[in-house]
Amino acid sequence: MEHEERRASGRGGDPAPAASAAPAARSARRRLRWRSLAALSGVVSAGVFLAAAELVALVVARDGSPILAVGSFVIDIVPQWAKEFAIEVFGEYDKIALLGGLGLAVLVASAIAGVLQFVKPPLGAIALGLAGALSLAAVVTRTGATAFAWLPPLVGSAAGIVVLVLLARRLRAWHGSAVANDDVAGSAVPPDPGERAKAGRPAASVDRRGFFVLAGIAAASALVVGVGSGVVRAATSSIAAIRKALKLPAPNSIVTVPDGAELDIPGLTPLYTPNADFYRVDTALTVPSVDPATWRLVVDGMVGERVELTFDDLVAMGLDEYSITLTCVSNEVGGDLLGTAKWLGVPVRDVLAKASPGADADMVLSRSVDGFTASTPLASLTDDGLDAILAVAMNGEPLPLEHGFPVRMVVPGLYGYVSATKWITELKVTRFDAEEAYWTPRGYSAKAPIKLSSRIDTPRLDKAVAPGTTVIAGVAWAQTVGIDHVEVKIDDADWQRATLSNPVNADTWVQWFLEWEATSGSHNVTVRATDRDGNLQVEERAPIAPDGSTGWQRRLVQVS
Ligand SMILES: Nc1nc2c(c(=O)[nH]1)N[C@H]1C(S)=C(S)[C@@H](COP(=O)(O)O)O[C@H]1N2
Ligand SMILES: [Mo]
């Protein structure tokens, strides 16, 4: 009893017995204490409000989230100078700063509502109802508000008001019993249970527990529901989820892989590179998030008519499947910055034709959402014999996010940096003497056809082979032309022709192999390819800059 009374009147470091000194200061401290608890009940109620609204929004109408609606509303009304100031002070954290500021405002307002409900009910509940009405207005006035968008703020404010009313009631009960007990204690007469029963007051400890239990349950549920809804929302509204749910129409044609196109040799690169193993090269710090629903492709520049396509427009042009080996200019001799996929897409020439490119144009500058650009000769995109495409799928699934979702360009025979723009948004018809692409001022050629090359996959340098029959195998590529033959030389012996896999097409690499009677010791294995135009792979070594490496790969093989 004594113990309870002292707690209720605040322990704030006052060593003096309760009634002895400075009664005014003591009562001020007490008032502050009760008001803090009232403020707490307001904050908890606001938490319940927001969490309940987020849960309902998640289930019935995502755009009904009061947090998002009010946040967007504030972003819309903030004047330009304030935005600039925020960007100057907070940099890229300006939106986080805005949300933080908004959160602080909600905290203060809900604390005030809590105090009001405690001091002058039902003022706090009315204030919360007002906040509900305001957020409801923010929700339903947003452009494109859906049919049930009003439900989340309504349910949220109802839940918040109920919790606030209950908490304030318990707090007042506790306050009442504490004051009554205080009076009894203050009379310096040992409290008598009989007297208390007469006054009809339960122990303050009971009311206190009632308040904290309810506040605790409400706060914990708000936290769990709020954080849970946020996590589920983030996980399911992410571009990854949109990609997963995306259904592409059936293609008009698919790639036919002829018999013998894929050799079954351990250690040999597969004909088609699984998406998960496909090399990735780009300048993007974080993978761009592009929603196909809002994606647009603009064809402009030197055109008869500017054209804008949606994802559905593009896909409705009809999809076909193409087998193309993509290669990076940074691929060193023997390197692995290349891969082959079956791409589903639309010919770039069909898209360009809609815009009627001007006769003087000789280049298309393709641009990504993140600002990357590539310069591709117009002829490489419009030539009837070339399968330059805007691709939407890779090996049977929508483009992986890191490979350009939802749309990228793929051009057979050109290095990726001058053709394979991922997350593409614009095709600007222009001239090489008028525009430069991303890598051009950085030491790479404006035009860069892929160089004919070949690679040894097995045996490997780091794995000794046993003497006897050994298979030497690898891949060779000469996109748009095709490989005619591959030759292998062991030490200083004569060149021997390797056996090739059955080619899928000229744009796809071929696999090759040669059986070799390996003898103990170390041996040099060298490979070179010749394309169907009769060009022999260049022997002389060249670095990757400015337009791709050259040289014959020579590998040291240990036989023991
Ligand atoms: N938006 C964008 N697209 C890009 C690049 C880039 O940096 N940004 N890099 C290009 C380069 S250099 C290559 S080799 C290919 C690689 O494609 P991948 O990552 O799908 O293998 O993408 C090309 N497209
Ligand atoms: Mo590249």
Side-chain angles (χ1 to χ4, degrees), residues 239 243 269-270 272-290 292 295-298 322-333 335-345 348 364-376 380-381 388-428 436-451 453 475 477 479 507-509 542-550:
I239 298 300
R243 172 182 176 271
T269 305
Y272 290 103
T273 318
N275 289 351
D277 302 338
F278 209 97
Y279 82 99
R280 176 186 168 195
V281 172
D282 53 59
T283 58
L285 191 59
T286 56
V287 177
S289 294
V290 183
W295 177 86
R296 296 289 183 274
L297 179 71
V298 172
Y322 302 84
S323 176
I324 301 168
T325 298
L326 201 65
T327 310
C328 183
V329 70
S330 303
N331 192 49
E332 302 277 4
V333 170
D336 56 8
L337 292 181
L338 78 163
T340 302
K342 293 176 185 168
W343 312 91
L344 221 53
V348 182
V364 171
L365 190 77
S366 53
R367 185 180 299 275
S368 156
V369 272
D370 64 357
F372 169 88
T373 51
S375 53
T376 310
S380 300
L381 302 174
I389 55 167
L390 287 163
V392 297
M394 182 176 181
N395 291 325
E397 47 179 270
L399 288 178
L401 304 188
E402 62 275 25
H403 292 294
F405 183 82
V407 184
R408 76 175 304 170
M409 199 150 76
V410 177
V411 181
L414 301 182
Y415 284 120
Y417 84 101
V418 289
S419 68
T421 304
K422 305 191 270 189
W423 315 290
I424 194 169
T425 58
E426 187 194 7
L427 292 173
K428 182 175 187 181
E436 276 192 329
Y438 182 88
W439 284 107
T440 312
R442 293 173 169 84
Y444 288 84
S445 301
K447 302 179 187 179
I450 296 171
K451 294 176 180 175
S453 194
V475 288
W477 57 95
Q479 289 94 323
D507 301 333
T508 303
W509 59 16
I544 57 171
D547 60 2
S549 63
T550 61

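Here the structure is a predicted model, which means the values were calculated and not measured. Numbering of ligands and ligand atoms starts at 1, following listing order. Numbers for residues simply follow the sequence, beginning at 1.
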Residues around ligand 1, heavy atom under 4.0 Å from any ligand atom, sorted by chain and number. Can you pull those?
F278, Y279, R280, V281, D282, T283, L326, C328, S368, D370, F372, H403, R408, G416, Y417, A420, T421, K422, W423

Please assess Y272 against T508 for the test side-chain hydrogen bond (donor to acceptor under 3.5 Å, both in side chains), listing each intermediate value before the final yes or no.
CA-CA 9 Å; Y272 290 103; T508 303; 4.9 Å; no

Please, which pairs that meet side-chain hydrogen bond (donor to acceptor under 3.5 Å, both in side chains) have at least one residue in residues 335-344, sequence neighbours excluded?
T325-T340, T340-W509

Once salt bridge (Lys or Arg N to Asp or Glu O under 4.0 Å) is applied, what residue pairs with a partner in residues 403-419 remain, sequence neighbours excluded?
none

Charged N to carboxylate O under 4.0 angstrom, D547 versus K451?
yes

Partners passing side-chain hydrogen bond (donor to acceptor under 3.5 Å, both in side chains) against E436 (at least two apart in sequence or in another chain)
none

Minimum heavy-atom separation for D507 and Q479, please, with both atom names.
O-CG, 3.4 Å

